[in-house]
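Everything on this sheet refers to the single structure shown next.
Just so you know, these numbers use all the heavy atoms, side chains as well, and skip hydrogens, waters and symmetry mates. Not measured: the values here are computed from a predicted model. When a residue number appears, it is its place in the shown sequence, counting from 1.
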Amino acid sequence: MVRPIIKDKFFIIFCIFIYCLVIAGCNDNSKPSIIIKDAHLYLPLKGNDMSAGYLRLENNQPKKIVINSIECEKVNASIHETILNSEGVVKMNKLEMFIIDAESHLNFLPGGKHIMFSGLKEFKQSILACAFLSNTGVEIPFSFEVLTNE
């Protein structure tokens, strides 16, 4: 028969072991490697088919990411940038690719980089599923919140 004192010591050691496992799990401060925040677009006004979407893309990896395109369900999407040319004229250029440096972020905002959508005339959902496609073939899925102008 095991003496009660030895049972108590084993129980205390077991509790300390479990406590150490729990504490070790609580100290995981790692972030996801790629985060997409505040992805949203407004439905176009009646009679129009196109709109722009905006978001924040964070790269928490130690290497840069090269994005070649975007694909979305049920609508056409492409990556654009608004620029001011040498004559002072504002133009919108389609981007074939863009880079997010390591440990940095990129904001898609009006007057800068943005996603152009077409095929929204009959779109009725509140969420639009999309994915960025990288040059390595990796898909980065995310969703746009679809807002109305009303």
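Between Tyr54 and Phe144, the distance separating the two ring centers is not shorter than 6.0 angstrom.
Glu139 places a side-chain heavy atom less than 4.5 Å from the side chain of Leu133. Side chains of His114 and Met92 form a contact here, defined as non-hydrogen atoms less than 4.5 Å apart. Considering only heavy atoms from C-beta on, Pro44 stays 4.5 Å or farther from Met50 through its side chain. Looking at Ile83 and Val90, their side chains never come closer than 4.5 Å, going by heavy atoms from C-beta outward.
Note that CD1 of Ile99 and CG of Asn59 are 11.5 Å apart. Values are rounded to the nearest 0.5 Å.
The side chain to side chain contact (heavy atoms under 4.5 Å, CB included) test applied to Leu147 returns His40, Tyr42, Glu145, not counting sequence neighbours.
A salt bridge links Glu58 to Arg56: one of the charged nitrogens lies within less than 4.0 Å of a carboxylate oxygen.
Using a 4.5 Å cut-off between side-chain heavy atoms of Ile, Leu, Val, Met, Phe, Trp and Tyr, with links allowed through other members, Leu95 and Leu106 fall into the same hydrophobic cluster.
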Sequence neighbours left out, cut at 3.5 Å: what donor-acceptor pairs do the side chains of residues 118-127 make with other protein atoms?
none

Please tabulate, for the side chains in residues 63-72, all donor-acceptor contacts under 3.5 angstrom to protein atoms that are two or more places apart in sequence or on a different chain.
none

- [ ] Begin with the C-alpha distance, continue with both residues' side-chain angles, and end with the deciding distance and a verdict on side-chain contact (heavy atoms from CB on, under 4.5 Å) for Phe132 and Val138.
- [x] CA-CA 8 Å; Phe132 282 123; Val138 174; over 6 Å; no
